[in-house]
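When a residue number appears, it is its place in the shown sequence, counting from 1. Atom set for the values below is all heavy atoms of this structure, side chains included, hydrogens, waters and symmetry mates excluded. One-based numbering, in listed order, for ligands and for the atoms of each.
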Amino acid sequence: MARGQATILFRIYRSKNNVSRVGALSSNQCFHSAGRCDKWVLEKNQFGLTFDGRKREFSASLIDTVRFHLPSGNTRFIEFKARPFCSSVGNEGLVNNGIATKPKVEDVEQESGVNFVQGGEEDKVEVLDDYFDGSVISDSTMVESVHKNSNAVDSNQSARFLHLSTRDPVEAFGELRSTEKGAKINRSDFEVLREVFRFFSNSGWAANQALAVYIGKSFFPTAAGKFRSYFIKKCPDDVAQYLVWLGPSDDAVKFLFPIFVEFCIEEFPDEIKRFRAMIESADLTKPHTWFPFARVMKRKIIYHCGPTNSGKTYNALQRFMEAKKGIYCSPLRLLAMEVFDKVNALGVYCSLLTGQEKKLVPFSNHIACTVEMVSTDEMYDVAVIDEIQMMSDACRGYAWTRALLGLMADEIHLCGDPSVLDVVRKICSETGDELHEQHYERFKPLVVEAKTLLGDLRNVRSGDCVVAFSRREIFEVKMAIEKHTNHRCCVIYGALPPETRRQQANLFNDQDNEFDVLVASDAVGMGLNLNIRRVVFYSLSKYNGDKIIPVPGSQVKQIAGRAGRRGSIYPDGLTTTLNLDDLDYLIECLKQPFEVVKKVGLFPFFEQVELFAGQLSNYTFCQLLEKFGENCRLDGSYFLCRHDHIKKVANMLEKVQGLSLEDRFNFCFAPVNIRDPKAMYHLLRFASSYSKNAPVSIAMGMPKGSAKNDAELLDLETKHQVLSMYLWLSHQFKEEVFPYAKKAEAMATDIAELLGQSLTNANWKPESRQAGKPKLHQQREDGYDRPRSLIKSYENSMQTSGNCQSIERSRREAHLLLTIQVQTLPPVSVNDFLVQKMGL
Ligand SMILES: Nc1ncnc2c1ncn2[C@@H]1O[C@H](COP(=O)(O)OP(=O)(O)OP(=O)(O)O)[C@@H](O)[C@H]1O
Ligand SMILES: [Mg+2]
């Protein structure tokens, strides 16, 4: 069933003249034999319709049953036949197609007390006279409702054309078809008619509606052009006059559209068939039906729902360890490794499975894996899906959705914040699984320190974690703290291998050394248990790969929640900001209730993309993905995950000949930083060798020692990422083609170690991996970039200019300003690099 805003086309037939009836309906008008109503819209989120012609409401609770609410309060039904193109087009695109299921006439009769007469090709509907209150909907009142402001001439005209406006389009088209030659049209009327058809061709409404009859958007202008020629050639005089009277207007479009549909059905059966097949092959509706084996099971789902540091994962893992056979699905490799270690240490044999590594422990019945690696073919007693709110992640959400829908486990424990609780409830009602909710409270409340660090990193104390949102800032902060205080800093950020992050975390957690401050990015926000006393936000804006945005509230909560973990040496958590200016935003974020997520991510399996590809020829893989995105159909609780990253890789690999569609699909999921030209170059090289069926070499030297400057550190990071990519590919493809996996593993371990050593000694100025990455803050003489609150600065400037906007608006505008700044910077030149390296 379609949800969301939608448009429905129907037709009601009737057998007697003395009853009210509907001729043809569209989203915002209703042709009625008694006149035309001016409003016809769907009620929110369901097939409810509101007819607003005479302030009488009636609504349809079923797609082909209209329920009238009469003044007396009686509720009656009138049945109408849904047209073959009965369909709905929603915000998300085509959401429902095909012929609506028609309720049995007897059912409707029984409920409504209305007699229906069936006959001929179309169903005829007869409505008892007392069903409509003649005084409510009469011919004259309906005409008034259409042309509320019309004068007497207009009334006459509309009465003159009434028979046309309410005419059955099949009949109207039949008449056109049987006409050899249309009426003679004078020049000025001809010009108006041309304008009318131009208006029709440019109508977004008509193009959208046409999707419902499988006239694709790209074909619509051609179909509309042919329709124009056909129509003008055969147009009877009264119809031409009517259109001239209507002029280029929405009314004219809505008059023409049903006739256009008849024309298309007759003229373009092949195009319609082709587009229909394409739309159907991009069908991502009803994803719960994709996993029939999981559907056969009656699964028990336990949602451990609560804020950070409330024991959700701990409790789920207790059940996992008790089970005969269990699987733990982690959002990060690091967390999977942590569970693997913890569980084995407690005597439960557990294997590890991530994209990069398979550590099979003999006799183990338990697996800790990353969520993308979870098998939906194996049976388990207990499964744990950690950080379930990631279902709504714009890029990776599909992996959580797949795990929830497809896991074959008797008991599935979901751990996460409450944001996806509603969606999970809905999914469970669709899958028929039994949902149990366990709500948690934070062990200790998080306290905000109102004093802040007063803009001075010298106020950092032992046990602090300073959070910054770029690699550059992380190193600047580390350098400043180590230069101006006696503290030593560990660092954790996304580009570091999990082993190095863990080494840094251990160094920080260990009380017997001088490393008592942690400087970290948002990579610290998920799952890690660290001895943090206070989380200090260095800034609260971050670059999201596209523009600078304020850090979303949910993420701020998650990161701040790292302070004062149960079991750590600082069980009371504190959080604050470096600058006083940012404090309000921090408090605002922490106070915000968890947002209620309405949609979760989906992404097609290879088989679905392959089916879709079968409908299109001469398309590159990247174009295929684009087309899939444009045409795919989704139910209201799902969105298609962002795939810009995949498209970028697909585009680069376009030049590699000899890769099958499946190879391309798999290569596109390889873990590569698309903003790192060196990493992209190696991926291209791996794919080129693979396509020639030649053994893929690592072709990368081992660094001699730990990094002595930032360029060397960046090089180590990239080298590790390339090795990690090699290992990932070796698990995806045949091992013979990636014969150096063992060597890559050893090299990766050594590099992770070198990275750890390098970070311990690092005291240099950071370089940027990206030439164009924006530098936000002014450099201070004392060696670190002191961040100013950009949001605040903008608010201040607005206030000093006497323009006191609301904070929310200022914020939005500040982001806009920043976005513009970022967009004007030169893009990273991956291509230039490839041209040099590959001669491409
Ligand atoms: N009942 C318990 N007994 C002992 N330690 C516990 C218990 N519950 C939780 N802990 C410890 O408290 C810390 C936080 O628990 P846990 O990781 O389960 O929180 P969480 O709610 O999953 O947090 P997050 O949302 O950050 O993942 C962990 O170190 C965990 O081992
Ligand atoms: Mg947890």
Side-chain angles (χ1 to χ4, degrees), residues 302-322 326-346 348 368-371 382-393 400 403 412-421 424 437-446 463 465 467 492 501-502 505-506 508-510 518 520 522-535 552-575 589-590 592-595 597:
I302 302 101
Y303 195 133
H304 300 266
C305 178
T308 53
N309 192 20
S310 56
K312 306 180 295 291
T313 308
Y314 179 92
N315 281 305
L317 284 178
Q318 298 303 310
R319 281 294 299 142
F320 167 76
M321 289 190 289
E322 284 162 20
I327 183 157
Y328 166 80
C329 309
S330 156
L332 302 170
R333 281 175 72 197
L334 182 58
L335 219 55
M337 287 153 106
E338 200 174 286
V339 168
F340 166 77
D341 287 344
K342 197 189 276 179
V343 167
N344 277 305
L346 291 170
V348 178
C369 68
T370 39
V371 66
V382 171
V384 178
I385 311 177
D386 211 352
E387 306 292 350
I388 189 69
Q389 72 279 355
M390 288 286 286
M391 283 173 101
S392 67
D393 185 78
W400 277 262
I412 302 182
H413 294 258
L414 313 176
C415 310
D417 71 34
S419 59
V420 291
L421 184 55
V424 168
E437 295 169 21
Q438 282 182 21
H439 292 269
Y440 292 74
E441 292 297 329
R442 225 186 116 83
F443 290 129
K444 287 267 177 92
L446 193 63
C465 169
V467 176
I492 293 180
R501 287 192 230 175
R502 193 144 64 145
N506 290 343
F508 172 70
N509 281 343
D510 187 354
L518 180 65
D522 44 354
V524 82
M526 221 178 268
L528 271 176
N529 283 308
L530 293 152
N531 276 332
I532 298 173
R533 186 179 61 90
R534 178 173 70 169
V535 169
S554 56
Q555 214 175 346
V556 172
K557 270 190 191 166
Q558 182 98 11
I559 298 169
R562 299 297 106 199
R565 302 285 287 183
R566 176 170 176 173
S568 84
I569 55 164
Y570 306 110
D572 298 309
L574 297 172
T575 183
C589 291
L590 296 177
Q592 265 172 25
F594 283 99
E595 114 192 75
V597 164

Nearest-0.5 Å distance, CZ of residue R565 to OG1 of residue T308:
6.5 Å
Mark up the atoms of ligand 1 that fall under 4.0 Å of a heavy atom belonging to [X], in ascending order.
X: R565; result: 14 (C), 16 (P), 17 (O), 19 (O), 23 (O), 24 (P), 26 (O)
X: S310; result: 19 (O), 20 (P), 21 (O)
X: R562; result: 24 (P), 26 (O)
X: T313; result: 18 (O), 22 (O), 27 (O)
X: E387; result: 27 (O)

What residues form a salt bridge (Lys or Arg N to Asp or Glu O under 4.0 Å) with D572, not counting sequence neighbours?
K444
Please tell me if the side chains of [X] and [Y] come closer than 4.5 Å, counting only heavy atoms from C-beta onward.
X: F320; Y: V348; value: no
X: K557; Y: L590; value: yes
X: V420; Y: Y303; value: yes

Taking atom types as modelled, find out whether N315 and Q438 have a side-chain donor-acceptor pair closer than 3.5 angstrom.
no
Under 2.8 Å from the Mg ion (ligand 2), is there an N/O/S atom belonging to Y314?
no
Does Y440 come within less than 4.0 Å of ligand 1, judged by its heavy atoms?
no
If we only count N/O pairs under 3.5 Å, is K312 in contact with ligand 1?
yes
Polar contact flag for G311 and ligand 1 (N/O pairs, less than 3.5 Å)
yes
Given that the side chain starts at C-beta and the backbone is N, CA, C, O, which of these parts of Q558 lies under 4.0 Å from ligand 1, counting heavy atoms, or is it both or neither?
neither
Name all residues meeting the ring pair (Phe, Tyr, Trp, His ring centres under 6.0 Å) criterion together with Y440; count only those two or more places apart in sequence or in a different chain, and write none if there are none.
H304
